[in-house]
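First the proteins, then the strands, lettered A, B, ... as listed; each starts at 1. Note that the coordinates shown come from a computational prediction; the quantities given were computed from them, not determined experimentally.
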Amino acid sequence: MGLDKDLFVANSLIHFYAECSKVDLGRKVFDKMLVRNVVSWTSLINGYSGVDMAKEAVSLFFEMVEAGVQPNPVTMVCAISACAKLRDLELGKKVCAFMNELGVKHNTLMMNALLDMYMKCGDVCAAREIFDECTDKNLVMYNTIMSYYVHHGLAGEVLVVLDEMLQKGQRPDKVTMLSTIAACAQLGDLSIGKSSHAYVFRNRLESWDNISNAIIDMYMKCGKREAACKVFDSMLNKTVVTWNSLIAGLVRDGDVELALKIFGEMPESNLVSWNTMIGAMVQESMFEEAIDLFREMQNQGIKGDRVTMVGIASACGYLGSLDLAKWIYTYIEKNDIHIDMQLGTSLVDMFSRCGDPRNAMHVFGNMEKRDASAWTAAIRVMAVEGNAKGAIELFNEMLKQEVIPDDFVFVALLTACSHGGYVDQGRHLFWSMEKTHGVSPQIVHYGCMVDLLGRAGLLEEAIDLMKSMPMEPNDVIWGSFLAACRKHKNVELARYADEKITQLVPERVGIHVLVSNIYASAGKWTDVARVRLEMKEKGVQKVPGSSSIEVHGLIHEFTSGDESHTENTQIGLMLHEIDCRLCQAGYVPDTTNVLLNIDEQEKEYLLSRHSEKLAMAYGLINTSKGIPIRVVKNLRMCSDCHTFAKLVSKLYSREITIRDNNRYHFFKEGLCSCRDYW
DNA sequence: CTAGGGTTAG
């Protein structure tokens, strides 16, 4: 009798300490006990689980089973939820096996815990099995599975479950509705979204802020801005989430200007608000502005998280600034920001776009898990340097690791083959896409193939492919076909393409410039004049070539023929000096790259003022020997600048990297990494 | 427990 009383007191103490998160004190009591029962063990397991010591909780459970104590349903719930916290599926299955072996009686709470564990550990199938086998489902169980379906992006399943529960006569509560509305947002299902809104209204559930926030989000994602604003205006307790839902919706809508205005006037903002705006800037190609926002965050003492860094890394990649890229990477390490799959992928791309394949592959090598997107990023690292062999090796490695390739992977692969001149392998991959991997080629893949064939000079084969495509070739495809005509100086096919394009997309800028370039390099000045006149009539403006170089942390930007730089005179002198030394080495400017009908001398002058040359000259002046020169250009580099860069790298003993709009060139000792195939 | 995240041809 006395012992029973002592046991009861001790168990109560352990339970009490667990409630107060003082599990250590509970442990002391537990250790001193002479006699323990299942409640003693369970209370302590619960205590550990409650203070995020899930590992200890689970090992205590095993210890208990070892000691021959029969667990009860409460013990099971504690142990299973500890496994859920650890996201450890194997452990969860082990606990489950013990449960079945020991014949613990199933109850609803336990089934809920199991369901929760399987979903948190990512085993949706096992979770579904539990769910289907359970005969007396309660509301919590329905809500649990629905909320996890939402979390895993399986919105369709949410509505299936909703149907089932309505048929069984279960009344949805606010948690049910929250998941339902979120599912409608994911699916863009306005009709169920609207009736959910009505249900919420009838049952007075909208007083719960979360519900109204979800409704705003839903309407925004369904493209119903007005309906969203109506709910927004009617809300009495607007929270940060409410405001964030609104600005995120506006950003998705493309109204970044309004989003920015509201962001500035919001009564309260948090990290999510900043991340939303940074993402908006990236979406609108306002990369400097994205970085500026991040700087502003720093000034206000707000630290970035994973999501911030994804946006910033992406902006940095587009800017091509390696110094910034390195700084970002250091920032992530210093602030202990965990590099998950998405951030990892972003960083791989950032380094690759900044012309640093070594760091890109370093990040890739350190990634904990790699999905198809991650592998694609790595393959793109190979693609931008024209390393087709490396790309194919990575692809094979990826298949070996049983990652299923998607359409993106093939774009990267075919691009790599194209830039590396791997025609046969490219063709083979293209045909194997559907046959071996079940990925049907889309217009982008045909685009890659036209580019691959065109670059290799197989213009007829490219035309044949374009004719046999299941869809109409678009402006981009015609554009790469034209680029191929230019490279291989085929005016006849260019003229044919010109006619087609004029019917197809009269307003595309780059293409018309290309057309006019081809005529110009072949000396067909009447045609040049015609195209240029057409461009002028349609109000088409040529995008000016622009190159930037980073010196001592500052980005200097030059446009073609730019004379506005403060060191313009020195740059001119430098270019003159380079020209002299190059001439001595036998360099002859390739004036076919100039598209105006002017005399040769003027052409030479214009050519010598291409933006990448200005940037290179500036780099030579302002950095010391041994420091590599890194230039980022917005358009494709011309062949003359390519020759120029090769010679400069030799005569000035400088490593030069030029990243143009789709790949980079690494010049060293008179040679280029592309081996002149590009 | 509602808001924010990676990659498509030239």
S.K.: Could you check how far CG of A:D305 sits from P of B:dG6, rounded to whole Å?
M.R.: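 Going from A:D305 (CG) to B:dG6 (P), I get 13 Å.
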
S.K.: Quick one: the side chain of A:S480 and the base of B:dG10, do they pair up donor-acceptor inside 3.5 Å?
M.R.: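 Looking at the base of B:dG10, it does not pair with any donor or acceptor on the side chain of A:S480 (distance under 3.5 Å).
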
S.K.: Anything under 3.5 Å between a donor and an acceptor, one on a side chain of residues 248-256 of chain A, the other on a protein residue two or more places apart or in another chain? List them.
M.R.:
from	atom 1	to	atom 2	distance (Å)
A:D253	OD2	A:R225	NE	3.2
A:D253	OD2	A:R225	NH2	3.3
A:D255	OD1	A:L258	N	3.3
A:D255	OD2	A:R225	NH1	3.4
A:D255	OD2	A:R225	NH2	3.2

S.K.: For the pair A:K633 (side chain) and A:I658 (backbone), establish whether a donor and an acceptor sit closer than 3.5 Å, ignoring hydrogens and angles.
M.R.: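 Pair absent, no side-chain N/O of A:K633 close to backbone of A:I658.
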
S.K.: List the residues meeting salt bridge (Lys or Arg N to Asp or Glu O under 4.0 Å) with A:K224, not counting sequence neighbours, and say none if there are none.
M.R.: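 Result, salt bridge (Lys or Arg N to Asp or Glu O under 4.0 Å) vs A:K224: none returned.
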
S.K.: Per the ring-ring contact (aromatic ring centres under 6.0 Å, His included) rule, which among A:F430, A:F395, A:Y446, A:W431 passes with A:F410?
M.R.: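 Exactly one candidate clears the test, A:F395.
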
S.K.: Go through B:dG10, B:dT7, B:dA9 for me and flag the one nearest to the A:Y318 side chain.
M.R.: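 Within the option list, the nearest is B:dT7.
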
S.K.: Just jot down the ring pair (Phe, Tyr, Trp, His ring centres under 6.0 Å) partners of A:Y148, sequence neighbours excluded, or say none.
M.R.: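 Ring pair (Phe, Tyr, Trp, His ring centres under 6.0 Å) check on A:Y148 returns nothing, list empty.
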
S.K.: What parts of residues 231-244 of chain A reach DNA chain B, counting only heavy atoms under 4.0 Å away?
M.R.: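 Output list: A:V241, A:N244.
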
S.K.: Taking 4.0 Å as the cut-off, does a side-chain nitrogen or oxygen of A:R455 come that near to OP1 or OP2 on B:dG10?
M.R.: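 The answer is yes; a side-chain N or O of A:R455 sits under 4.0 Å from OP1 or OP2.
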
S.K.: Among the nucleotides B:dA3, B:dG10, B:dG5, which one has an atom lying closest to any side-chain atom of A:L343?
M.R.: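 Minimum distance to the A:L343 side chain belongs to B:dG5.
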
S.K.: Which nucleotide in the set B:dT8, B:dG6, B:dA9 lies at the smallest distance from any side-chain heavy atom of A:N474?
M.R.: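 Between B:dT8, B:dG6, B:dA9, the one nearest the side chain of A:N474 would be B:dA9.
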
S.K.: For DNA chain B, which residues of residues 209-216 of chain A approach it to below 4.0 angstrom with any heavy atom?
M.R.: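 Contacting residues: A:N210, A:N213.
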
S.K.: From the set B:dA9, B:dT8, B:dG5, return the single nucleotide nearest to any side-chain atom of A:Q342.
M.R.: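 Of B:dA9, B:dT8, B:dG5, B:dG5 is nearest to the side chain of A:Q342.
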
S.K.: Tell me: NE2 of A:H445 to P of B:dT7, nearest whole Å?
M.R.: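 Atom NE2 in A:H445 sits about 16 Å away from atom P in B:dT7.
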
S.K.: For the base of B:dA9, is there a side-chain donor-acceptor partner from A:N662 under 3.5 Å away?
M.R.: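 Not at all, since no donor on one side and acceptor on the other fall under 3.5 Å apart.
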
S.K.: Any N or O donor-acceptor pair linking the side chain of A:D660 to the base of B:dG10 at under 3.5 Å?
M.R.: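 It does not, because no donor-acceptor pair links the side chain of A:D660 to the base of B:dG10 below 3.5 Å.
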
S.K.: Cation-pi between A:R370 and A:F364: NZ/CZ under 6.0 Å from ring centre and within 45° of the ring axis?
M.R.: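 Yes; both conditions hold, so A:R370 lies above the ring face of A:F364.
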
S.K.: Among B:dA9, B:dA3, B:dT7, find the nucleotide with the atom closest to the side chain of A:D217.
M.R.: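 Looking only at side-chain atoms, A:D217 lies closest to B:dA3.
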
S.K.: Of all the nucleotides listed (B:dT7, B:dG6, B:dA9), which has the minimum atom distance to the side chain of A:S346?
M.R.: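 So the nucleotide nearest the side chain must be B:dG6.
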
S.K.: Roughly, in whole Å, what's the span from CD1 in A:I379 to P in B:dT8?
M.R.: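 After rounding, the gap between these two atoms is 13 Å.
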
S.K.: The criterion is salt bridge (Lys or Arg N to Asp or Glu O under 4.0 Å); which residues satisfy it with A:E289, sequence neighbours excluded?
M.R.: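 A:E289: no salt bridge (Lys or Arg N to Asp or Glu O under 4.0 Å) contacts found.
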
